[in-house]
Amino acid sequence: MVNFADEALIEVRSGNGGNGCVSFRREKYIPHGGPNGGDGGKGGDVIFTVKRNLRTLTKLRHRHCFKAKNGGDGQGWNRYGADGEDCVIPVPPGTTIRDAETDEIIYDFGTDSDNEQFTFLAGGNGGWGNVHFKTSTNQAPRHANPGQKGETRFLKLELSIMADVGLVGFPNAGKSSLLTAFTNARPKIAPYPFTTIIPNLGVLRVDDESDIIIADIPGIIEGASEGLGLGDTFLKHITRTACLIFMIDCSDDNYLTSYKTLCNELASYSDELMEKPRIVLCNKIDVDGAFDRAVEVQKMIKEEEPETVVVPVSVMLGRGMKDAKQQIISLVNKMENKQDEEINEPEVNTSSSFMASRAYIDDEDENIQYPGSEQ
């Protein structure tokens with residue numbers, strides 16, 4: 001968990017404006033040259049920008065203060081001071097900027113636009129030189145304006161991973177194995193609970209033109225929404241997903257209550273999570289008696305949620321995986337088509353819909369930084 005950073009507290013400062021200059025033109029044979037003090041330069045701004053190849057806030061966590069450059073002071077001969085260099089802070093898609101003291105949301109980078117920018121703090125304006133204060137009654141002004149001071153703010157940055165599908169399940173249910181089977185991700189896999197302690201992303205290649213991003217979060221236990229186990233630390237990473245995949249371990253004795261327990265934990269964290277469409281995968285049907293248990297779970301869910309697709313699978317042996325993959329692709333495509341219909345209706349506000357906050361990952365981009373990959 002040390003290498004994965006989804007929160008960061010930082011201090012940002014915009015640059016001070018440069019001071020105006022008091023200067024007079026002094027040349028031979030020109031005894032009354034008049035004022036020629038230049039203006040100070042503008043201080044640098046604090047700008048946040050989205051970078052698609054970033055996936056965590058690790059770089060921000062190791063550097064607490066971000067400061068723009070001050071503007072240069074004005075000089076004689078009407079020379080203006082240089083503008084201060086802006087401080088550009090790159091953040092991954094899905095980053096929310098909050099005020100550290102009030103917890104108020106300042107800006108949410110919940111879009112798929114690469115290089116989207118947000119100017120948070122403007123630098124101070126430069127002060128006027130004495131050339132601006134010359135009048136008919138004051139032809140030799142000996143004062144200039146100082147530059148305006150920049151601003152200082154303390155911010156809390158929170159990251160919610162951008163993905164199409166979120167994997168939900170108890171520890172050791174097979175989520176990481178599913179991610180390995182479907183995508184290019186290689187999370188740690190071992191036969192004990194809490195093998196996954198940081199979120200992992202994988203890209204499921206559909207065809208040459210489209211991908212599906214799958215997020216695997218650490219296993220949920222009963223009471224996670226109240227802080228038990230890894231708590232609700234990582235539950236926020238599935239709030240932006242279009243749909244959910246529930247993984248049920250049918251070799252476990254609690255196979256019948258697992259689905260309801262998971263639903264209760266998600267509902268306790270956020271009612272919006274339970275409104276997302278879902279697929280249920282009954283895993284480990286290769287174990288003796290597990291397939292019959294999977295059929296039992298399938299009947300139970302179908303009685304209460306007829307529209308929820310339940311697929312018995314064995315990730316280890318690959319049984320049912322082709323059907324599961326097709327169901328995932330169909331569900332995501334359904335959500336995309338629904339989003340397209342909403343976009344075509346001008347009266348519908350799509351600002352809060354998932355596809356408006358979707359991030360695209362280029363599988364061929366070698367600079368992509370996956371969670372846990374920092375050195």
Inset, instruction - State, with a plain yes or no, whether a side-chain heavy atom of Leu244 is found less than 4.5 Å away from one of Lys276. - result: yes
Legend entry - Joint hydrophobic cluster, Leu256 plus Ile301, side-chain heavy atoms closer than 4.5 Å: yes
Legend entry - Under 3.5 Å donor-acceptor, Asp39 side chain and Gly126 backbone: no
Inset, instruction - Could you tell me whether the side chain of Ile89 reaches within less than 4.5 Å of the side chain of Thr49, counting heavy atoms only? - result: no
Inset, instruction - State yes or no: do Phe291 and Val310 share one hydrophobic cluster built from I, L, V, M, F, W and Y residues joined by side-chain heavy-atom distances below 4.5 Å, directly or via other members? - result: no
Legend entry - Test side chain to side chain contact (heavy atoms under 4.5 Å, CB included) applied to Phe66 and Leu155, Leu60, Leu121, the passing residue: Leu60
Legend entry - Exam field: side chain Lys69 to backbone Ser14, donor-acceptor pair closer than 3.5 Å: no
Legend entry - Val165 and Ile328, any side-chain heavy atoms less than 4.5 Å apart: yes
Legend entry - Salt bridge Arg13-Glu151, side-chain N to carboxylate O under 4.0 Å: no
Legend entry - Lys260 and Glu304 ion-paired at < 4.0 Å: yes
Legend entry - Distance, nearest 0.5 Å, that separates CE of Met300 from CD of Glu296: 8.0 Å
Legend entry - Common cluster, Ile329/Ile279, ILVMFWY with side-chain heavy-atom separation under 4.5 Å: yes
Inset, instruction - Nearest 0.5 Å please: distance from the NZ atom of Lys134 over to the CG atom of Asn130. - result: 10.5 Å
Legend entry - Val168 side chain near Leu266 side chain, heavy-atom distance below 4.5 Å: yes
Legend entry - Side-chain H-bond candidate by donor/acceptor type, Tyr259 with Arg278, under 3.5 Å: yes
Inset, instruction - Using a 4.5 Å cut-off on heavy atoms from C-beta on, say whether the side chain of Thr261 contacts that of Phe170. - result: yes
Inset, instruction - Can you see which heavy atom on Val311 is nearest to which on Val309, and at what distance? - result: CG2-CG1, 3.8 Å
Inset, instruction - Using a 4.5 Å cut-off on heavy atoms from C-beta on, say whether the side chain of Ile47 contacts that of Cys87. - result: no
Inset, instruction - Measure the spacing between NZ of Lys284 and CG of Asp249 and express it to the nearest 0.5 Å. - result: 3.5 Å
Inset, instruction - For the pair Phe133 and Arg142, evaluate side chain to side chain contact (heavy atoms under 4.5 Å, CB included) and give the outcome as yes or no after the intermediate values. - result: CA-CA 9 Å; Phe133 299 99; Arg142 297 184 179 277; over 6 Å; no
Legend entry - Leu9 to Ala100 - nearest heavy-atom pair and separation: CD2-CB, 4.4 Å
Legend entry - Asp45 side chain vs Thr119 backbone, donor-acceptor pair below 3.5 Å: no
Legend entry - Within one Ile-Leu-Val-Met-Phe-Trp-Tyr cluster: Val50 and Val12, side-chain cutoff 4.5 Å: yes
Inset, instruction - Starting from the C-alpha separation in whole Å, work towards a yes-or-no answer on side chain to side chain contact (heavy atoms under 4.5 Å, CB included) for Glu116 and Phe48. - result: CA-CA 8 Å; Glu116 177 187 355; Phe48 290 91; over 6 Å; no
Legend entry - Other residues, nucleotides, ligands: >12 heavy atoms within 6.0 Å of Glu307 CD: no
Inset, instruction - Decide, yes or no, whether a salt bridge links Asp99 with Lys156 under the criterion of side-chain N to carboxylate O below 4.0 Å. - result: no
Legend entry - Any side-chain donor near an acceptor of the partner, Tyr80 and Gln75, under 3.5 Å: no
Legend entry - More than 12 heavy atoms from other groups under 6.0 Å of CE on Met274: yes
Legend entry - CG-CG distance between Leu178 and Leu281, expressed to the nearest 0.5 angstrom: 6.0 Å
Inset, instruction - For the residue pair Phe118 and Phe109, categorise the inter-ring angle as parallel (less than 30°), tilted (30 to 60°) or perpendicular (more than 60°). - result: perpendicular
Inset, instruction - Might you point out which heavy atoms bring Cys21 and Gly76 nearest each other, and give the distance in Å? - result: SG-N, 3.8 Å
Legend entry - Under 3.5 Å donor-acceptor, Asp86 side chain and Val88 backbone: no
Inset, instruction - Output yes when a side-chain donor or acceptor of Asp83 lies under 3.5 Å from a complementary backbone atom of Gly41, and no otherwise. - result: no
Legend entry - Spatial distance of atom CD1 (Ile285) from atom SG (Cys250) [nearest 0.5 Å]: 8.5 Å
Legend entry - Nearest heavy-atom neighbours spanning Ala181 and Val315: CB-CG1, 4.4 Å
Legend entry - Side-chain heavy atoms of Val280 within contact of Ile248, under 4.5 Å: yes
Legend entry - Qualifying residue, where the test is salt bridge (Lys or Arg N to Asp or Glu O under 4.0 Å) with Arg98 and the options are Glu7, Glu104, Glu158: Glu158
Inset, instruction - Flag yes if more than 12 heavy atoms outside Lys67 fall under 6.0 Å of its NZ atom; otherwise flag no. - result: yes
Inset, instruction - Give a yes or no on whether Asp103 atom CG has more than 12 heavy-atom contacts from other residues, nucleotides or ligands under 6.0 Å away. - result: yes
Inset, instruction - Could you tell me whether the side chain of Asn16 and the main chain of Asn70 form a donor-acceptor pair under 3.5 Å? - result: no
Legend entry - Salt bridge flag under 4.0 Å for residues Asp73 and Arg79: no
Legend entry - Side-chain donor-acceptor pair present, Asn36, Ser23, cut-off under 3.5 Å: yes
Inset, instruction - Could you grab the distance from atom CZ of Arg25 to atom CG of Asn78, nearest 0.5 Å is fine? - result: 10.0 Å
Legend entry - Minimum-distance pair of heavy atoms, taken over all atoms of Leu331 and Pro277: CD1-CB, 3.9 Å
Inset, instruction - Consider only side-chain N and O atoms of His132 and Asn145, and report whether a donor and an acceptor are under 3.5 Å apart. - result: no
Inset, instruction - For residues Tyr255 and Val297, determine if any side-chain heavy atom of one lies less than 4.5 Å from a side-chain heavy atom of the other. - result: yes
Legend entry - Any donor-acceptor pair under 3.5 Å from Thr95 side chain to Val91 backbone: no
Inset, instruction - Please answer: with hydrophobic residues joined when any side-chain heavy atoms are less than 4.5 Å apart, are Ile106 and Leu57 in the same cluster? - result: yes
Legend entry - Closest non-hydrogen atom pair, Ala144 against Trp128: CB-O, 3.2 Å
